[in-house]
There are 2 protein chains.
Amino acid sequence: MHHTELLADLRQRGHRLTPQREMILNVICEGNGHLTADEIIARIRKQYPYINKSAVYRTLELLARLCLVNPTDFGDGKVTYEIHRHPHHHHLVCRQCRKMIEVDGAVFAPLEKLLRDEYAFAADLDHFAIFGLCRKCQPASSPAPTLRKRRA
Amino acid sequence: MHHTELLADLRQRGHRLTPQREMILNVICEGNGHLTADEIIARIRKQYPYINKSAVYRTLELLARLCLVNPTDFGDGKVTYEIHRHPHHHHLVCRQCRKMIEVDGAVFAPLEKLLRDEYAFAADLDHFAIFGLCRKCQPASSPAPTLRKRRA
DNA sequence: CTCCTTATTGCAACTGGTTGCAATAAGGAA
DNA sequence: TTCCTTATTGCAACCAGTTGCAATAAGGAG
């Protein structure tokens with residue numbers, strides 16, 4: 001999805017187009033993958049040093065609300081943002097080695113159906129970070145995994 | 001689960017018992033339901049005004065790491081904590097009316113199995129807040145749900 | 001083009017939570 | 001009991017993100 005399309009989408013939904021929003025969308029579209037707010041600000045600043053933190057956070061919140069970007073908390077103290085991709089995907093994050101595995105959005109289909117059928121609840125299951133232990137970090141067949149603090 | 005059992009558990013796993021930890025566990029066990037860090041501090045302060053913010057946050061992080069409490073982000077800017085209950089449960093949170101529905105932990109069983117079988121990933125699926133729209137807030141059969149900012 | 005409404009920006013103050021580090025105090029050993 | 005090691009606390013500074021509000025500027029109407 002190109003940033004001009006996203007801008008048009010914004011406009012169509014009744015939001016104003018501003019240079020700031022254009023720059024933000026541009027950066028998110030260019031920088032492929034997950035970017036933190038800090039990174040987005042830093043990249044914009046190269047061309048426009050006056051970019052304002054609040055404006056960036058508010059725009060990111062707007063874009064998330066419109067499902068144009070996916071915010072994700074990988075548990076390292078900063079939220080990352082990426083362009084909303086279709087089909088959906090999620091991230092398995094190993095709590096030990098930090099390895100990330102991307103999985104198809106379809107893995108949530110049974111849960112979505114169950115929640116809809118049993119609870120009439122329309123769950124937003126677009127983009128999750130699921131924590132756990134990857135194959136390598138699982139104790140072979142072990143009884144008690146050590147739970148002492150992981151040395152960061 | 002009584003707080004003395006939790007203290008014993010802490011001790012057994014090699015952590016030290018301090019008055020602060022005792023007070024924190026006590027408050028979490030008494031106040032049933034979800035408490036924010038602020039609320040925990042306020043309650044402790046009634047008896048012991050010197051309780052320190054960092055100590056509380058660090059203890060909560062420890063208890064969460066040991067799966068003795070469940071931290072949950074309901075999306076209102078403050079994390080809440082509750083004693084880890086068995087069997088697991090999750091919370092459906094309506095993004096419109098904020099209604100909360102508690103659901104059994106078993107709803108994640110198919111996903112857990114899929115992730116284990118397909119990705120050899122042992123997911124932590126203990127306690128989630130799942131956002132979406134409850135029955136009442138879903139557009140009857142509607143075309144375009146309004147996505148303008150919800151007036152808080 | 002000019003005017004008007006109001007969404008958006010920019011700023012500064014604030015909030016919830018984290019961190020580095022020195023002081024304290026658990027709890028084990030002797 | 002006393003001593004020792006080191007986990008934990010308390011503090012102050014910090015970090016990511018939010019908020020209230022006045023100033024600015026989209027974009028529609030005339």
Side-chain angles (χ1 to χ4, degrees), chain A residues 6-25 34-42 44-45 48-66 68-69 71-81 146-152, chain B residues 6-25 34-42 44-45 48-66 68-69 71-81 146-152:
Chain A
L6 295 169
L7 283 168
D9 197 349
L10 262 190
R11 188 77 270 279
Q12 260 172 258
R13 303 215 219 176
H15 301 281
R16 294 187 181 169
L17 302 188
T18 67
Q20 290 85 342
R21 286 181 173 171
E22 196 166 345
M23 289 185 282
I24 291 163
L25 273 175
H34 301 91
L35 290 173
T36 64
D38 263 14
E39 287 164 348
I40 291 167
I41 290 171
I44 293 174
R45 239 189 259 293
Y48 178 72
Y50 313 110
I51 188 71
N52 179 274
K53 183 167 82 142
S54 309
V56 171
Y57 278 111
R58 284 195 271 233
T59 295
L60 289 171
E61 192 246 355
L62 172 68
L63 296 173
R65 196 149 30 79
L66 300 179
L68 301 179
V69 309
T72 313
D73 182 353
F74 286 109
D76 48 8
K78 302 187 181 190
V79 174
T80 64
Y81 300 84
T146 172
L147 284 162
R148 303 300 301 275
K149 182 160 192 168
R150 170 172 23 91
R151 296 269 144 243
Chain B
L6 293 169
L7 283 167
D9 197 348
L10 261 191
R11 186 79 272 279
Q12 261 173 257
R13 303 215 220 175
H15 301 280
R16 293 185 181 172
L17 302 188
T18 67
Q20 290 86 341
R21 286 181 174 171
E22 196 166 345
M23 290 185 281
I24 292 163
L25 274 174
H34 300 93
L35 290 173
T36 65
D38 264 13
E39 288 164 348
I40 292 167
I41 290 172
I44 293 174
R45 237 189 260 291
Y48 177 71
Y50 312 110
I51 187 71
N52 179 272
K53 180 167 84 140
S54 309
V56 171
Y57 279 110
R58 284 195 271 235
T59 295
L60 290 171
E61 192 246 355
L62 173 69
L63 296 174
R65 195 149 29 78
L66 300 178
L68 301 179
V69 310
T72 313
D73 182 354
F74 286 109
D76 48 7
K78 302 186 181 191
V79 174
T80 64
Y81 299 84
T146 173
L147 284 161
R148 303 301 300 276
K149 182 160 193 167
R150 170 173 22 91
R151 296 268 143 246

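Bear in mind that the values here come from a model prediction, so they are computed numbers and not experimental data.
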Rounded to whole angstroms, how far apart are [atom1] on [X] and [atom2] on [N]?
X	N	atom1	atom2	result
E22(B)	dA25(C)	CD	P	16 Å
R16(A)	dG28(D)	CZ	P	9 Å
L17(B)	dG28(C)	CG	P	10 Å
L60(B)	dT9(D)	CG	C1'	15 Å
M23(B)	dT8(D)	CE	P	15 Å
L66(B)	dT8(D)	CG	C1'	15 Å
H15(B)	dT9(D)	NE2	P	12 Å
L25(A)	dT8(C)	CG	P	13 Å

Side-chain N,O ([X]) to OP1/OP2 ([N]) below 4.0 Å:
X	N	result
T18(B)	dT9(D)	yes
R21(B)	dA25(C)	no
R11(B)	dG27(C)	yes

Contacts of type side-chain contact (heavy atoms from CB on, under 4.5 Å), residue A42(B), not counting sequence neighbours: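 For A42(B), no residue satisfies side-chain contact (heavy atoms from CB on, under 4.5 Å) once neighbours in sequence are set aside.
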
Contacts of D73(B) that satisfy side-chain contact (heavy atoms from CB on, under 4.5 Å) - sequence neighbours left out: none

Watson-Crick or G-U counterpart of dA22(D), or none if no pair lies under 3.5 Å: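 Pairing partner: dT9(C).
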
Minimum heavy-atom distance V79(B)-P71(B), with the two atoms named: CG1-CB, 3.9 Å

Which atom of R16(B) lies closest to which atom of R11(B), heavy atoms considered: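 For R16(B) versus R11(B), the nearest heavy atoms are CA-NE, 4.4 Å.
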
Nearest-0.5 Å distance that lies between atom CG in L25(B) and atom CD1 in I40(B): 9.5 Å

Distance, nearest 0.5 Å, that separates CD1 of I51(A) from OG1 of T59(A): 7.5 Å

Any donor-acceptor pair under 3.5 Å from R13(A) side chain to L66(A) backbone: yes

Contact letters for nucleotides 10-19 of chain C, in which S counts primed atoms plus P, OP1 and OP2 and B counts the base, heavy atoms under 4.0 Å: BBB---SBBB

